[in-house]
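Each chain gets a letter, A, B and so on, in the order its sequence line appears, and its residues count up from 1.
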Number of protein chains: 2
Amino acid sequence: MNAPSPAPRGRTSTKRAAIAETLAGFDDFRSAQDVHVAMRQTDQRVGLATVYRTLQAMVEGGELDSLRSETGEVTYRLCSGSHHHHLVCRVCGKALEVRGPAVEKWAEATAAAHGFREISHTVELVGTCSDH
Amino acid sequence: MNAPSPAPRGRTSTKRAAIAETLAGFDDFRSAQDVHVAMRQTDQRVGLATVYRTLQAMVEGGELDSLRSETGEVTYRLCSGSHHHHLVCRVCGKALEVRGPAVEKWAEATAAAHGFREISHTVELVGTCSDH
DNA sequence: ATTAGTGCAAATGGTTTGCAGATGT
DNA sequence: ACATCTGCAAACCATTTGCACTAAT
């Protein structure tokens, strides 16, 4: 195992802060493109490439959580540190963090039963929320 | 709910059969590109677009199971009808079908607890198999 | 000064689509 | 004949990368 990356960042980046703040304005998963558009609408001038690069760096730094949407794009969201999964609304995109000890156990047990090691699992729940 | 698509296919397609057979030769998930390459190596001449189109049609027809690899490509595999999840080896790609009644229950319960309806879930286990 | 951070435009790479020709019924 | 199936090449689109430039230390 490797340590939770001790934030080995370079110098203080203005854009990075702006991107983080934009992301903080959302409470669901957004794509790099979404973030880029949102920033331009707020007069913030930033290159799409920078958004992509920064978002990736933040994921590696453990500041963001990322997952792939049903259409294949990578989406990001500020995230609490502990392990959890998501319950996403297919209509409005609202995402809730949910925990499932039962699932974790099951994943470990199932993998072990088949001789698999270093298991990582993906669990995403998609549904229609009560507002729709 | 809608019925499990009663195979509303058009006429008998030679290529479709060939693609299905190629896929039958694998026991793990393969991308459209993989299938295409495999077919050319077996003298079978087929267009990449046809492979993509056919694969999609087969998924809609319920003949194939598809999932997105960690790199974002869509991969396919002939699949048994009933609901299940996968345990995939990150080294060799070997994929086992696993069932998890506990997970299904949890998913339903969790979604319901938050007022979500028409829930669908994704569960994928990735690990290193005993051969590696 | 040095070097990480950034923007822009060009390059990638998987997937989709338009259209003309081949094929099954 | 007629509609579907195919192949090819062009189009798409999210993401990545090369390079010159700006800004933080």
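Remark: P of D:dC12 and OH of B:Tyr52 are 18 Å apart, rounded to the nearest angstrom. With rounding to whole Å, B:Lys15 atom NZ is found 13 Å from C:dA22 atom P. Atom-to-atom, CG of B:Leu48 to C1' of D:dC5 comes out at 16 Å; the value is rounded to the nearest Å. Regarding A:Arg53, its CZ atom lies at a distance of 9 Å from the C1' atom of D:dT16, rounded to whole Å. Going from atom CG of A:Leu55 over to atom P of C:dG5 covers 15 Å, rounded to whole Å. In this entry the distance linking CZ of B:Arg16 with P of C:dG24 reads 16 Å, nearest Å. Straight-line distance from the CZ atom of B:Phe29 to the P atom of C:dG14: 19 Å, rounded to whole Å. Nucleotide C:dG14 holds its P atom 13 Å from the OH atom of B:Tyr76, rounded to whole Å.
Applying the ring-ring contact (aromatic ring centres under 6.0 Å, His included) test to A:His121 and every residue at least two apart in sequence or in another chain returns A:His83, A:His85. Scanning for side chain to side chain donor-acceptor pair (under 3.5 Å) contacts around A:Arg68 gives an empty result, with sequence neighbours left out. With sequence neighbours left out, A:Ser13 forms a side chain to side chain contact (heavy atoms under 4.5 Å, CB included) with A:Lys15, A:Arg16. Every side chain to side chain donor-acceptor pair (under 3.5 Å) that B:Thr128 has, sequence neighbours left out, goes to B:Arg90. Applying the side chain to side chain contact (heavy atoms under 4.5 Å, CB included) criterion to A:Ala18, with sequence neighbours excluded, gives A:Met39, A:Gln44. Applying the ring-ring contact (aromatic ring centres under 6.0 Å, His included) criterion to B:His36, with sequence neighbours excluded, gives no partner residue. Remark: B:Arg77 engages B:Phe29, B:His86, B:Ala95, B:Glu97 in a side chain to side chain contact (heavy atoms under 4.5 Å, CB included) (not counting sequence neighbours). Not counting sequence neighbours, the partners of B:Gln33 by the side chain to side chain contact (heavy atoms under 4.5 Å, CB included) test are B:Ser31, B:Leu48, B:Tyr52.
Residues of residues 33-42 of chain A that place a heavy atom closer than 4.0 Å to DNA chain D, in numerical order, are A:Gln33.
A:Val59 places none of its side-chain heavy atoms less than 4.5 Å from the side chain of A:Leu55.
Dashed line: the shortest gap from a side-chain N or O of A:Gln56 to OP1 or OP2 of D:dT15 is not under 4.0 Å.
Below the 3.5 angstrom threshold, one finds no donor paired with an acceptor across the side chain of B:Arg68 and the base of C:dG14.
When hydrophobic residues (I, L, V, M, F, W, Y) are linked wherever their side-chain heavy atoms come within less than 4.5 Å, the members clustered with A:Ile119 are A:Leu87, A:Leu96, A:Val98, A:Val103, A:Trp106, A:Phe116, A:Val123, A:Leu125, B:Leu87, B:Leu96, B:Val98, B:Val103, B:Trp106, B:Phe116, B:Ile119, B:Val123, B:Leu125.
A salt bridge is absent between B:Asp43 and B:Arg45; no separation between the charged side-chain nitrogens and carboxylate oxygens falls under 4.0 Å.
Note that the two end axes of the helix from C:dA1-D:dT25 to C:dT25-D:dA1 enclose an angle of 20°, each drawn from 5 base pairs, rounded to 10 degrees.
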Strictly under 3.5 Å: I want the nitrogen or oxygen pairs between protein and nucleotides 22-25 of chain D, one per line.
{"unit_1": "D:dA24", "atom_1": "N3", "unit_2": "A:Arg11", "atom_2": "NH1", "d": "3.3"}
{"unit_1": "D:dT25", "atom_1": "OP1", "unit_2": "A:Thr12", "atom_2": "OG1", "d": "3.1"}

